[in-house]
Novice: 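Structure below; questions to follow.
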Amino acid sequence: MVPDIGRGSRTHGLLVYLYGPGRREEHTDAHLVGSWDGFAPDPGRDTDPQVTLTRLTAALDLRVKQAGDRAPAKHVWHCSVRTAPGDRRLSDEEWNAVAQRIVHATGIAPDGDPDGCRWIAVRHAEDHIHIVATLVRGDLRNPRLNYDFNKAQAVCRRIEEEMGLRRLNAGDGTAAKNPTSAEKFKAERTGRPETSRETLREAVRQAVAGADDEKEFFTRLREAGLRVKVRHAPSGDALGYNVALPGDRNRHGEPVWYPGSKLALDLSLPKIRLRLADGTAERPTPSVACGPADWSPPARERRSATGIAERAAVLLDGDDDEAAAQLVGVGELLDAVAQTAPVATRAELAAAARAFERATRSHVRAERADTRALRSAARGIVQAGGAFGRGEDGGTTAMLVSTLVLVTLAAARWHSARGHAQQAHASRQAAEHLRAAYRQAAATPMRVLHDQGRALPEAQRRSHEATLRAALPKQGVRADGMPTKTDALVATLVQAEQAGHDPEVLLQQAIDMRELDTAADVNDVVVWRLRRLAQLPAHTGEAPRRPQAGTRPTKPSASRTSERNAPTAAPRPAVSDPRSRPPRR
C-alpha cells in the first residue's frame, strides 16, 4: 500500500479532477467512501453533481475562510493511497477504515479530537482512494504535520499486515524525492519517457561519477546539455547550484530549475564536495596494471576496474559499517560504465545504475570513507570514452559486468544485515539488470571459447577437467540447477598454461579471491577471473600473451612439470585461432 502526499491551494480544482473522467477517461464511479463526520455531500451520488460539488467545496473550505490570513497559503492536503498490484479488491468500508487511520496517524484528524481538520476520501478506481483535507482545525489553528509522510508510510505497513495485503519495504527517509503528479502529467503531455526531475537526477549523477574537482563537475553538466545556474556568496564562493532541461519551461515561459538537493539528498553541492574531497587514486601505468599497451584504452580501464570492484565486494562481505563508502563508489562505477557502454548493453546497464542509486544511501556513515580506487576507476572509464561491443572492448565489458553482479549481490547482503529493506531490494534489482547486460556482452566471447574448448584433443580436455573437478566439485551445476559445460573454462586453462602459468595454481588463486555461491554460473565467473589474473585477452580471437615484464607467472607444480616431461604425455597444440573461422554475429 503506497501513500503519496502533496499540498495545494485550490480545493475546488482538485475535487473537479477527482470527480471528473480523468485525463485518459480512467476514472469510473467516483464517490465518497468516508468524511470527517460521515455526512459530507457526495457529488458522485447526487442528481445535480455540479451543485453538490460546490457545496462540498464550501464545506471543506469553511474553516479556511474563517481563519482568513492565518490560513496557510497551501491549505489543501492531498494523499493518494494505492494497493499493490495483485492485492485483493478492498470494499468501500475497508477504504473508509484506511482513510480514518491515515488522517489519525498524520495528525489531520486524530481520533476523539472534535477540532480535527475536515477531510474526505474519494474513490474513483478499484485500487486506490484520494484523501483531501483542508489544513485549518476547528479552533482555527494549523495542524501539526511533522513527518506526515513517514507516519503515513508506517501506518500503511501495519494496515498491510492486518488486512493481508502485500507487504512493501519500509523506507528510512533517505530515498530521492519522487516526481509530483504535475511533473508526471507534464511528461506525458510533452511525450517524454520520464519526468524532468528523473532525467536531471541521472545526468547529475553521471556528471559527478569520477569527476576530479568541482570545476570538472560543472563542466560535465554543461557538456551533457543541461542549463546550469550556480549560486554564489558575496565572497564569490559557490553556495549551491540549480539545473534545468533545455526547453522545459513553466506557464510563464521561464526555465524549470531544480536545486541539486531536491533531486537527491546526496546531490547537494556540499555533499558532492565531500565526495570530491576524497580525491582519486594515482593511476598506475596502464601497460603494467591493465595489460599490454596495444589494447584499447576502454579495454584496459575496464580490466583495471574489475580488480577494484572485486576488492569492493570483499569489503562489503566483511560486515563493516565502513563499507558504506564502497557503495557510493560502486554507484559511481556503474554510472561510468552505463554512460560509456556499447549500444547492445547500454539500456540494461543504465537501468542497473538507476536501480543501484537507491542502494548508495542509508543512515550508515563511514568514519574513514575511502573511495579513491573506485572513483579513480570510474574516472578512467569516463576519460577512456565509449567502448565498442566487439573485440577486446566487448570481452572486457563482459569481464567487468560479471564482477559487478557479485558486487551488487554483496551490497544486498550488507543492507539486509542492517534491515535496509529498500536498499537491499534495489541492489538485487541492479544485479538482475547486470545479469541481462552480461548475457548480451558475453554471448560472442563465451561462444568462441566454448568452440575452442571443444576443439581440443580428448586427452588434453580430460586432464584439465580432472583439475576442475578437484577444485570445483560443484562446477557442473548452475545456480538454477541446470547443467553447465566446462569447454570455455578448459580452453582458458590451456591458454593460461601456454602463457607460462600453472593451471592448478592459477585456478586455486581465482577460486580463493572470494565466494562463488552467489554466481549464477560459476564457470563464467572463474573464466573471467582466470583471464584477468593471467592477462589473457578477453577477446578470445587473440593469441595468448606471455606474462608482462614486472609480473611473475605462477610456477608449475612438480606434478605438472613431470607430466609435461613424461614421454607418454599427450602433445598440447595451440588453441585454434577463431579468426580463421569467425563466428556468425
Novice: Could you give the distance from CG (Leu327) to OG1 (Thr371), rounded to the nearest 0.5 Å?
Specialist: 11.0 Å
Novice: Quick check on side-chain contact (heavy atoms from CB on, under 4.5 Å): which of Glu161, Glu162, Glu160 does Arg158 satisfy it with?
Specialist: Glu162
Novice: Between Gln508 and Ala471, which heavy-atom pair has the shortest distance, and what is it?
Specialist: OE1-CB, 4.3 Å
Novice: Could you tell me if the side chain of Leu315 sits less than 4.5 Å from the side chain of Asp320, heavy atoms only?
Specialist: no
Novice: Do Tyr258 and Leu245 have side-chain heavy atoms sitting under 4.5 Å apart?
Specialist: no
Novice: When you compare the side chain of Leu493 with that of Leu468, does any pair of heavy atoms fall below 4.5 Å?
Specialist: yes
Novice: If I take atom CZ from residue Arg413 and atom OG from residue Ser416, how far apart are they, to the nearest 0.5 angstrom?
Specialist: 9.5 Å
Novice: Write down the atom of Leu334, the atom of Ala352, and the distance for their closest heavy-atom approach.
Specialist: CD1-O, 4.4 Å
Novice: Quick test of your reading of the model: are Glu432 and Arg435 salt-bridged, counting only N-O distances below 4.0 Å?
Specialist: yes
Novice: Before you tell me yes or no, could you show the steps for Arg192 and Thr199 under side-chain contact (heavy atoms from CB on, under 4.5 Å), namely the whole-Å CA-CA distance, both residues' side-chain angles and the distance that decides it to 0.1 Å?
Specialist: CA-CA 10 Å; Arg192 295 184 58 84; Thr199 302; 3.3 Å; yes
Novice: Do Leu530 and His501 touch side chain to side chain, with heavy atoms closer than 4.5 Å?
Specialist: no
Novice: Which pair of heavy atoms, one from Gly385 and one from Pro298, lies closest together, and at what distance?
Specialist: O-CG, 4.0 Å
Novice: Could you walk me through whether Tyr438 and Glu348 pass side-chain contact (heavy atoms from CB on, under 4.5 Å), step by step?
Specialist: CA-CA 9 Å; Tyr438 172 76; Glu348 290 291 352; over 6 Å; no
Novice: Please find the pair of heavy atoms, one from Leu506 and one from Ala496, that lie closest to each other, and give the distance.
Specialist: CD2-CB, 3.6 Å
Novice: Check whether any side-chain heavy atom of Gln452 sits under 4.5 Å from a side-chain heavy atom of Gln495, and report yes or no.
Specialist: yes
Novice: Closest heavy-atom contact between Leu221 and Ala203?
Specialist: CD2-O, 4.3 Å
Novice: Without swapping roles, check the side chain of Trp414 against the backbone of Gly318 for a donor-acceptor pair under 3.5 Å.
Specialist: no
Novice: Donor-acceptor check, side chain of Arg531 to backbone of Leu536, threshold 3.5 angstrom: yes or no?
Specialist: no
Novice: Should Thr403 and Arg532 be marked as a side chain to side chain donor-acceptor pair (under 3.5 Å) after you check the CA-CA gap, both sets of side-chain angles, and the distance that decides it?
Specialist: CA-CA 11 Å; Thr403 300; Arg532 184 170 62 82; 5.8 Å; no
Novice: Could you check whether any side-chain heavy atom of Gln423 comes within less than 4.5 Å of a side-chain heavy atom of Arg358, counting everything from C-beta outward?
Specialist: yes
Novice: Rounded to the nearest 0.5 Å, what's the gap from CD on Glu357 to CD on Glu202? Could you check?
Specialist: 9.5 Å
Novice: Within a reach of under 6.0 Å around NZ of Lys262, are more than 12 heavy atoms found that belong to other residues, nucleotides or ligands?
Specialist: no
Novice: So, taking the atom named CG in Leu449 and the one named CG in Asp487, what distance separates them when rounded to the nearest 0.5 Å?
Specialist: 10.0 Å
Novice: Below 4.0 angstrom, N of the basic side chain to O of the carboxylate: do Glu223 and Arg220 qualify?
Specialist: no
Novice: Keeping the roles fixed (side chain from Glu392, backbone from Ala538), state whether a donor-acceptor pair exists under 3.5 Å.
Specialist: yes
Novice: With a sphere of 6.0 Å drawn around NE2 of His128, does it hold more than 12 non-hydrogen atoms of other residues, nucleotides or ligands?
Specialist: yes
Novice: With a 6.0 Å cut-off (strictly less than), is the heavy-atom count around CZ of Arg166, excluding the residue itself, greater than 12?
Specialist: no
Novice: Between Ile5 and Lys151, is there a side-chain heavy-atom distance shorter than 4.5 Å?
Specialist: no
Novice: Has Glu216 got a side-chain atom pairing as donor or acceptor with Ala211's backbone, closer than 3.5 angstrom?
Specialist: no
Novice: Considering non-hydrogen atoms only, spot the tightest contact between Ile308 and Ala373 and give its length.
Specialist: CD1-O, 3.6 Å
Novice: Look at the side chain of Thr397 and the backbone N and O of Asp393, then say whether any donor-acceptor pair between them is shorter than 3.5 Å.
Specialist: yes
Novice: Side chains of Thr340 and Arg302: donor-acceptor distance under 3.5 Å anywhere?
Specialist: yes
Novice: Would the distance check show the side chain of Arg88 and the main-chain N or O of Leu165 forming a donor-acceptor pair, the cut-off being under 3.5 Å?
Specialist: no
Novice: For Ala488, does its backbone N or O pair with a side-chain atom of Thr492 as donor and acceptor, under 3.5 Å?
Specialist: yes
Novice: Can you tell if the side chain of Ser427 reaches within under 4.5 Å of the side chain of Phe356, non-hydrogen atoms only?
Specialist: yes
Novice: Strictly distance-based, threshold 3.5 Å: is any side-chain N or O of Glu497 a donor or acceptor partner for the main-chain N or O of Pro503?
Specialist: no
Novice: Any salt bridge between Asp248 and Lys186, counting N to O under 4.0 Å?
Specialist: yes
Novice: Could you measure the distance from the CZ atom of Arg428 to the OG1 atom of Thr408? Nearest 0.5 Å is fine.
Specialist: 11.0 Å
Novice: Can a donor-acceptor pair be found, under 3.5 Å and without considering hydrogens, that links the side chain of Gln339 to the backbone of Gln206?
Specialist: yes
Novice: Would you list the pairs meeting salt bridge (Lys or Arg N to Asp or Glu O under 4.0 Å) in which at least one residue belongs to residues 394-407, sequence neighbours left out?
Specialist: none
Novice: Would you give the length of the straight line joining atom CG of Leu269 to atom CZ of Phe218, rounded to the nearest 0.5 angstrom?
Specialist: 5.0 Å
Novice: Mark yes or no for whether Thr83, through its side chain, and Asp127, through its backbone, hold a donor-acceptor pair below 3.5 Å.
Specialist: yes
Novice: How are the rings of His420 and His415 set relative to one another: parallel (under 30°), tilted (30 to 60°) or perpendicular (over 60°)?
Specialist: tilted
Novice: Can you confirm whether more than 12 heavy atoms, excluding those of Phe185, are under 6.0 Å from its CZ atom?
Specialist: yes
Novice: Would Leu400 and Ile381 satisfy side-chain contact (heavy atoms from CB on, under 4.5 Å), going step by step from the backbone distance to the final call?
Specialist: CA-CA 11 Å; Leu400 175 56; Ile381 287 174; 4.1 Å; yes
Novice: Is the closest basic N to carboxylate O distance between Asp266 and Arg275 below 4.0 Å?
Specialist: yes
Novice: Apply the test side-chain contact (heavy atoms from CB on, under 4.5 Å) to residues Glu310 and Arg529: give CA-CA distance (whole Å), side-chain angles for both, the deciding distance (0.1 Å), then the verdict.
Specialist: CA-CA 10 Å; Glu310 280 272 9; Arg529 287 183 184 176; 3.1 Å; yes
